[in-house]
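First comes the structure, then the notes that go with it.
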Amino acid sequence: MSVETITTISPTTNKPIVTRYGLSDQELLALPKTAEQAFQSYRKTTLRERQKIVKKALELLNERKDELARELTEQMGRPISYTAKEITTAVARGEYMLKISEDALSDTPGEPQEGFKRFIRKVPLGPVSVLFAWNYPYLILVNSIIPALLAGNSVILKPSPQTPTVVEQMQKIFVEAGLSENVIQYLHCGSSTRLETLIRAPEIQLICFTGSVAGGLAVQKAASDRVAVRVGLELGGKDPAYIRSDVDLKWAAEEIVDGAIFNSGQSCCSIERVYVAEEVHDDFVAAVQDVLRGYKLGDPFDTSTNIGPVVSKRSAETIRAHIKDALDKGAKDVTPENTSFSSPPTDGNFVAPTLLTNVSHEMTVMTEETFGPVVPIMKVKSDAEAIKLMNDSQFGLTASIWTKDVTKGSELADDVDAGTVFVNRCDFPSPDLAWIGWKESGKGQTLSKFGFDQFVRLKSYHIKDYPN
């Protein structure tokens with residue numbers, strides 16, 4: 001079989017910018033075996049040694065944030081004003097996981113009894129494969145690679161073809177920080193068949209996948225005939241927001257627009273559905289229009305740009321199809337006039353933000369993941385109706401409730417079917433809280449002390465003193 005050629009197309013120009021090559025059959029089969037050999041050595045290191053390496057790697061990552069930011073903007077199109085913040089946020093996440101690692105990985109003692117020592121130890125799994133997406137590649141990768149390495153595992157990374165240099169940069173940084181070279185390996189791959197070969201390798205003990213529901217199901221299916229292998233999936237979202245009548249509408253509009261169209265709406269936890277109390281619906285729509293008038297769509301290397309291109313022509317087509325479906329079924333396009341929206345650059349995948357009203361759950365834009373800069377707003381008559389509609393989804397990643405009455409907001413949060421529920425905030429994975437998807441949004445978890453759990457297995461020790 002010939003070696004695969006993988007080309008990254010710029011979202012800004014639709015021209016090729018990076019070319020990488022896949023592994024040969026022999027190299028692909030050798031990858032997990034090399035990871036297993038590296039694991040057998042690395043697992044013998046102490047947690048303190050691993051912590052020292054991770055600390056240094058995070059320092060190097062932060063030092064190189066400007067270089068890495070330019071690569072991200074070029075490869076996936078996020079405006080240059082924002083890309084460096086992904087690196088600093090990734091470092092902060094990694095530092096938190098580093099800080100809690102000793103407690104998270106410590107032994108759990110059994111009941112005390114004279115003459116006995118019993119405890120449960122968290123031991124590393126072995127080679128871990130991390131397959132991750134392009135939209136926030138450093139943030140996604142940190143969620144897995146930091147606890148994986150701190151727990152004592154070796155890692156094989158597979159980036160999206162859209163952001164291939166991320167794995168190269170990360171491996172380089174960790175080796176400079178003192179990690180043995182083969183503890184982190186990577187491959188470039190766009191072939192699902194070849195990925196199956198990696199997933200089915202007996203050495204691989206865990207697959208962490210971030211991407212689409214279809215992609216996650218394919219990974220799960222490929223691993224389904226192996227008992228020992230674990231699969232962690234972070235998949236899609238259709239995250240709702242509910243605006244109660246008591247909020248400051250100007251403030252809420254600014255927050256909702258940012259949560260819906262930051263990164264061109266290309267986030268699993270972007271706000272994709274907005275439910276608004278009917279008595280403030282019209283005023284809230286007007287407030288959202290005011291916010292959108294101040295946004296600029298354009299060249300992502302222009303520091304005044306708020307919104308860059310979406311990742312691909314196919315993505316742009318999907319977003320426009322969702323908008324058309326809504327309009328055909330009675331929705332209204334109430335997007336305000338904005339010169340940058342009506343005259344974007346001609347070469348790239350630029351999709352202007354769209355504000356829709358008169359939407360319903362009969363429309364694709366309210367039921368399927370759009371992954372684009374669209375703000376659909378639906379009028380509701382009560383808290384009960386809002387919660388019912390928020391839960392009317394195959395997805396359950398995050399949801400948000402916006403209200404001055406925080407106590408009431410917290411009560412409503414209890415009834416929302418989602419892994420994370422925000423009150424008066426959105427689109428913010430906090431490292432001290434578990435990041436977990438309900439329903440079709442995934443399984444397994446990252447972040448928090450529970451983010452270490454999928455990277456270890458439990459081993460019980462039952463030790464009796466030798467009788468005299």
Side-chain angles (χ1 to χ4, degrees), residues 8-12 17-18 65 68-90 93 130-145 157-167 169-170 190 208-216 219 232-239 258-272 297 300 305-319 322 348-351 353 368-374 395 397-398 420 426-429 435 437 440-442 446-447:
T8 303
I9 305 298
S10 164
T12 307
I17 51 173
V18 180
K65 61 180 179 292
L68 305 181
R70 287 196 66 83
E71 287 184 355
L72 278 182
T73 294
E74 181 180 39
Q75 292 171 25
M76 56 78 64
R78 187 185 311 132
I80 192 67
S81 296
Y82 307 124
T83 42
K85 183 62 184 297
E86 176 179 344
I87 310 302
T88 56
T89 302
R93 279 190 193 178
V130 182
L131 321 177
F132 62 106
W134 51 267
N135 56 328
Y136 285 98
Y138 284 99
L139 283 174
I140 297 168
L141 183 51
V142 159
N143 289 358
S144 294
I145 196 171
L157 307 177
K158 204 295 288 186
S160 163
Q162 194 65 44
T163 50
T165 60
V166 172
V167 291
Q169 294 282 13
M170 287 295 274
C208 299
F209 174 85
T210 304
S212 68
V213 173
V219 168
L233 304 175
E234 184 187 331
L235 309 178
K238 192 68 186 173
D239 296 5
D258 181 66
I261 68 175
F262 185 80
N263 204 39
S264 298
Q266 298 171 125
S267 172
C268 55
C269 56
S270 290
I271 292 176
E272 294 216 356
L297 172 70
T305 293
N306 305 107
I307 312 166
V310 297
V311 70
S312 66
K313 287 183 178 180
R314 181 179 178 183
S315 178
E317 290 168 358
T318 297
I319 296 163
H322 284 201
N349 309 311
F350 291 90
V351 178
E368 295 182 14
E369 188 172 36
T370 303
F371 224 61
V374 182
F395 297 108
L397 188 57
T398 80
T420 298
C426 64
D427 192 20
F428 188 86
W435 189 243
E440 296 294 293
S441 287
T446 55
L447 302 181

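Worth knowing before you read on, the calculation uses all heavy atoms, side chains too, and leaves out hydrogens, waters and symmetry mates.
Distance CG/N306 to CG/D258: 9.5 Å, rounded to 0.5 Å. Rounding to the nearest 0.5 angstrom, the gap separating the OH atom in Y136 from the OG1 atom in T163 is 13.0 Å. Atom OG in S264 sits 11.0 Å away from atom CG in N135 (nearest 0.5 Å). The structure places CD of E369 at 8.5 Å from CG of D239, a figure rounded to the nearest 0.5 Å. Note that CG of N143 is 9.5 Å distant from SG of C208, once rounded to the nearest 0.5 Å. In this structure, the separation between CD on Q266 and CD1 on I261 is 12.0 Å, given to the nearest 0.5 Å.
Here the side chains of P309 and P300 are in contact, with some heavy-atom distance below 4.5 Å. Taking the side chain as every heavy atom from C-beta outward, I307 and P353 approach each other to under 4.5 Å. Looking at V374 and H322, their side chains never come closer than 4.5 Å, going by heavy atoms from C-beta outward. Contact check for L131 versus V219: side-chain heavy atoms found under the 4.5 Å cut-off. Side-chain contact between I9 and I17: absent, with no pair of heavy atoms (C-beta onward) separated by less than 4.5 Å. The side-chain heavy atoms of P429 and T420, taken from C-beta on, include no pair separated by under 4.5 Å. The closest side-chain heavy-atom distance from V351 to P373 is below 4.5 Å. Taking 4.5 Å as the limit, every side-chain heavy atom of F428 sits out of range of all side-chain heavy atoms of C269.
Between F209 and F132, the gap from one ring centroid to the other reaches at least 6.0 Å.
Residue L397 comes nearest to G236 through the heavy atom pair CB-O, 4.4 Å, listed as atom of the first residue, atom of the second, then distance. Here the closest non-hydrogen pair linking T83 and L72 is CG2-CB, 4.0 Å. Between E86 and L139, the closest heavy-atom pair is OE2-N, 3.3 Å. When all heavy atoms are compared, the tightest approach of L297 to F350 is CD1-CD2, 3.9 Å. Considering all non-hydrogen atoms of both residues, V142 and A90 come closest at CG1-O, 3.5 Å. Considering all non-hydrogen atoms of both residues, I319 and G372 come closest at CD1-CA, 3.5 Å.
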Checklist entry - Between T165 and Q75, does a side chain to side chain contact (heavy atoms under 4.5 Å, CB included) hold up when you go through it step by step? => result CA-CA 9 Å; T165 60; Q75 292 171 25; 2.9 Å; yes
Item to check | Candidate pair E234 and T446, rule side-chain hydrogen bond (donor to acceptor under 3.5 Å, both in side chains), full reasoning | outcome: CA-CA 9 Å; E234 184 187 331; T446 55; 4.8 Å; no
Next on the checklist: Set out, in order, the CA-CA distance, both residues' side-chain angles and the distance that settles side chain to side chain contact (heavy atoms under 4.5 Å, CB included) for V130 and K158, then state yes or no.
Outcome noted: CA-CA 6 Å; V130 182; K158 204 295 288 186; over 6 Å; no
Next on the checklist: As a quick check of understanding, evaluate side-chain hydrogen bond (donor to acceptor under 3.5 Å, both in side chains) for K238 and S441, giving each step before the final call.
Outcome noted: CA-CA 9 Å; K238 192 68 186 173; S441 287; over 6 Å; no
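Between the side chain of Q169 and the backbone N or O of L68, no donor-acceptor pair lies under 3.5 Å. A donor-acceptor distance shorter than 3.5 angstrom exists from the side chain of S312 to the backbone of S315, with no hydrogens or angles considered. Although no hydrogens or angles enter the test, the distance criterion places a donor-acceptor pair under 3.5 Å between the side chain of T318 and the main chain of R314. In this structure a side-chain-to-backbone donor-acceptor pair under 3.5 Å is present from S160 to Q162. With hydrogens and angles ignored, the 3.5 Å screen pairs no side-chain donor or acceptor of S144 with any backbone N or O of L141. T73 places a side-chain N or O within donor-acceptor distance of the main-chain N or O of R78, the cut-off being under 3.5 Å. Checked by atom type and distance alone, the side chain of E71 never pairs as donor or acceptor with a backbone atom of V166 at under 3.5 Å.
Relative ring orientation between F371 and W134 is described as perpendicular, the plane-to-plane angle rising above 60° on a 0-90° scale split at 30° and 60°.
Neither side chain, E74 nor S10, offers a donor N or O lying under 3.5 Å from an acceptor on the other.
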